[in-house]
Amino acid sequence: MIRFNGICKNFGATRALDNFSLEIGRGLVYGLIGPNGAGKTTAMSILATLLLPDAGTATVDGLDVVEEAEKVRGIIGYMPDFFGVYDGLRATEYLEFFAAAHHIPAHRRPGLARTLLELVNLPDKADVYVDSLSRGMKQRLALARCLVHDPKVLIMDEPASGLDPRARAEMKEIIRHLKQLDKTVLISSHILPELAEICDQVAIMEKGRLVVAGRVAEITAVSRGARQMRVAVLDRAEELAGFLATRPGVSETLADGQEVRFLFDGNQAEQAALLQAMVSGGWPVVEFTEIRRNLEEVFMAVTGEGVEDLGGN
Amino acid sequence: MAEINPVLLKELRQRFRTGKTAWLLALYLLVIGAFVLGFMYLSWRGSPGIFQPDRSRTLFIMLSVTQLVLLGFVVPGLTAGVISGERERQTLNVLLTTRLTPRQIIWSKLVSACAFVVLLVAATLPLYSIVFMYGGIAPGQVLGVFGFYLVTIFLFGCIGVACSSFFKRTGVSTVTAYGLAFALAAGTGFLAVFLYEINQLQARGGISPETWNPAFLAWVVEFLQDINPVFVLMQILGENGIPTGVNFGLPGWAVYTLVYLAAGVLLLHWSARLLLPGGKRRRNTRDV
C-alpha cells in the first residue's frame, strides 16, 4: 500500500532522509519510531504530498506522490503532530468544511459529520467551538477530520503527543477500530510501548535511515541477542545457578533468593531442553520465563546498527 | 448551481461571527464620519446657514483621500496574515492535503478579506451622500472613485497575500506589506515629482540636456503618476496632475487599472506557486 524507494531529502546541509526505503502492506497499523531528527516527519510529509523528495520515489496504493499528488490526496488522511485551531468554528462546521474541501457533496456532509463525531466519541460536542475543546478532544476531532473522505491510508504524526493517559487510551481504541475498517495506518510516536500495543509492524529510523523494520516480536527477538531468563525454584537457587553456568548458551547467572536470572542464547527447542534438564536434575522449578524487553529497550539497542528488514509484509 | 468555495465560506463565517468585525466597522465609520461632520461643522460655523458647493467639493476630495489612506492601513493589515497565519496556527499543511488547489486557497483568502473591506467602503456611502447632497460633485466622479477603490483594494490585497505567502511570520509579512503599499502610494508620487523637477531644471539649462533624455523622463513621470493612487484619485476628481505632455492613449485611471490588475494577478499566481511542494516556503515542515 505504501512504498518508499531510495528517498533522499536534504534541508540545506542537513540530510533528513538518506536512501530511505520501506514497504507497508495494506490494512496494517505501522509504527515509525525514531529519535528527534530521525526523519519521521519528513518521510510522512513526503507521503502527504507536502514535500518533494530530492531523490527516490514514494507511492501510495501505486500512485506516485509527486506525479499524481492530487490523486494521492484523495486516498490519504494526514494528521500532523499539532492540532491547529480555527477560531469561531463549531466541530460540525469544522468537519463539514474539510468535507467540502475534499469535494464531498453538500447533502452528505451533515450526516457524515455526525457519524464521524460518533466514531471519535464526540457526539455531544457537535455544536461546541473547536478552540474550546480539550487537547485530547481536538486530537480526536483531527482524526475525524482525516476520515471525512474515507481515505485508504492514514498518516498520523505523533497522534498521542501531549495527551493524558485517558486520552491516549481513547486514541488507541480508535486506531484499533480503524484497523477493523481495513485502513492502513502509518503512525509515528515517541511513546514506544503504546506503539508496540497497537502496531502490527514497526520501523525504527535513525539519522534519516531505516535501521530495522518488521513485526514487533521479530524485532525484539533479533535485537535481543541473548535473552534474559528467570527461573523461580522452591529452594537450592545457588546450586541451580552453578548448574546453569555449565550449560551451553547460558551466561551471567545470578541467584537472588528463590530465583535465578541468566542470559540465554538459544532457540525455543534449546530452551525446552534446558527446562527439562533442570527438572531432571531435581530442582523444584515453579516458574521459567523470559524477561521481556519493551520496545523502548529494543529501540535503544538497535539504533546505530545496520539495516535488517525482517519482512513480514 | 456552483458551490461557494469552502475556504471562502469558512473565512466569511469566521470573520462575521466575531464581534471584532463590528467594532472595526464602527471604528472605521467613526473616523471618517468624525472627519466629514467635523469639517462641515467648522465650515458652517464660519458662515452660518450656508454651505458652498466649492467647499463641498473640497470636502469630497479630502474625504476620498482620507478613505484611500485608511484603505492603505486596513487592506494590508487584513491580508498580510492570511497564509502566514495558517502557517503559524499549523493548519496550512492540513489544508494543502485536501483537494483544494493552492490557487483556490489564495483566491478565497483574498476575496474574503477584500469582501470585508468593500463592506467598509460601502458603509461610508451615507457619508458620501451627505457631501453629494450639497453639490459640486458629478455622479460619474463618485462612481469613478468607488471603482478606483475596488482596484486599489485588489492591489493592496494582492500585496498582502503575496507577503503572507512569502514570509513565514505574520509580523514580518505585515511590515513588508505596509512598506510596499507606502512605496506605491507615496514613493511613486515623490519620484514622479522629483523626476519632473529634474526635467524642468534641464529645460531651464540647470543640467546638461544630454544627462537625461527629456522625452524619456517625461514618459517615466507620466507613467509614475498614472500608477500613483493619489495622483489617479485626483485625476478622477478632475484635478490636474503633473503636466508632462505625454499621452498613453488611455486616461490615467485606465493605465492604473490595467497595470495593477495585471500586477495583482501575477502576485497571486506567484503566491500560489509558493504554496506548492518545492515552493520556497514549503520548508516549514522542518521538524525532520
Side-chain angles (χ1 to χ4, degrees), chain A residues 9 11-12 14-17 34 36-46 48-53 65-66 69-70 72-74 76-90 93-94 96-106 129 142 145-146 148-149 155 157-158 208, chain B residues 1-22 81-105 107-109 112 116 168 170 273-288:
Chain A
K9 180 69 187 175
F11 293 111
T14 308
R15 173 148 282 204
L17 287 177
N36 289 331
K40 306 184 298 292
T41 299
T42 303
M44 287 183 153
S45 298
I46 288 172
T49 74
L50 293 168
L51 280 178
L52 294 178
V65 297
V66 176
E70 197 180 339
V72 170
R73 285 183 210 121
I76 62 160
Y78 174 61
M79 184 171 159
D81 57 347
F82 183 86
F83 180 86
V85 172
Y86 284 127
D87 297 334
L89 273 192
R90 295 187 172 93
E93 291 168 345
Y94 178 79
E96 287 178 24
F97 162 63
F98 278 101
H102 278 287
H103 303 166
I104 304 293
Y129 283 101
R145 189 258 306 150
C146 289
V148 289
H149 55 305
I155 302 164
D157 195 359
E158 305 271 359
Chain B
M1 197 179 85
E3 193 185 354
I4 187 168
N5 182 295
V7 177
L8 178 59
L9 185 63
K10 177 188 77 70
E11 292 287 318
L12 292 175
R13 182 178 271 162
Q14 285 180 280
R15 189 177 300 281
F16 289 101
R17 188 172 268 174
T18 149
K20 203 168 66 178
T21 299
V82 291
I83 300 298
S84 53
E86 291 271 354
R87 204 177 274 128
E88 286 168 342
R89 280 195 303 271
Q90 301 196 33
T91 48
L92 183 62
N93 279 347
V94 171
L95 211 51
L96 290 170
T97 53
T98 66
R99 304 294 285 273
L100 295 170
T101 63
R103 189 172 296 170
Q104 285 175 312
I105 294 170
W107 272 100
S108 308
K109 293 278 185 182
S112 81
F116 176 61
K168 197 171 174 179
T170 300
R273 284 191 66 82
L274 289 173
L275 296 192
L276 288 169
K280 184 176 184 293
R281 292 291 151 178
R282 298 293 313 116
R283 289 182 177 182
N284 61 319
T285 41
R286 234 199 112 162
D287 183 18
V288 183

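Naming convention: chains lettered A, B, ... in sequence-line order (proteins, then strands); numbering from 1 in each chain.
Note that NE2 of A/H102 and CG of B/L100 are 8.0 Å apart. Values are rounded to the nearest 0.5 Å. Atom CG of residue A/L89 and atom CZ of residue B/R13 lie 7.0 Å apart, to the nearest 0.5 angstrom. Distance check: A/L50 CG to B/L275 CG gives 11.0 Å after rounding to the nearest 0.5 Å. Rounded to the nearest 0.5 angstrom, A/D157 CG and B/N93 CG are separated by 10.5 Å. Rounding to the nearest 0.5 Å gives a distance of 7.5 Å between OG1 of B/T98 and NE2 of A/H103.
In this structure, B/R103 places its CZ atom where only 12 or fewer heavy-atom neighbours from other residues, nucleotides or ligands lie under 6.0 Å away.
Only the side chain of B/E86 has a heavy atom closer than 4.5 Å to any heavy atom of chain A. Neither the backbone nor the side chain of B/T18 has a heavy atom closer than 4.5 Å to any heavy atom of chain A. Neither the backbone nor the side chain of A/Y94 comes within less than 4.5 Å of any heavy atom in chain B.
Side-chain contact between B/P277 and A/L52 is present, with at least one heavy-atom pair separated by less than 4.5 Å. Using a 4.5 Å heavy-atom cutoff, the side chains of B/L95 and A/F97 are in contact. A heavy-atom distance below 4.5 Å is found between the side chains of A/R145 and B/V94. Side-chain contact between A/Y86 and B/E11 is absent, with no heavy atoms from C-beta onward closer than 4.5 Å.
Ranked by heavy-atom pairs under 4.5 Å with chain B, the list A/A100, A/G88, A/A101 is led by A/A101.
At distances below 3.5 Å, at least one donor-acceptor pair connects side-chain atoms of A/R73 with backbone N or O atoms of B/L96.
Using a 4.0 Å cut-off between charged nitrogen and carboxylate oxygen, A/E93 and B/R17 count as a salt-bridge pair.
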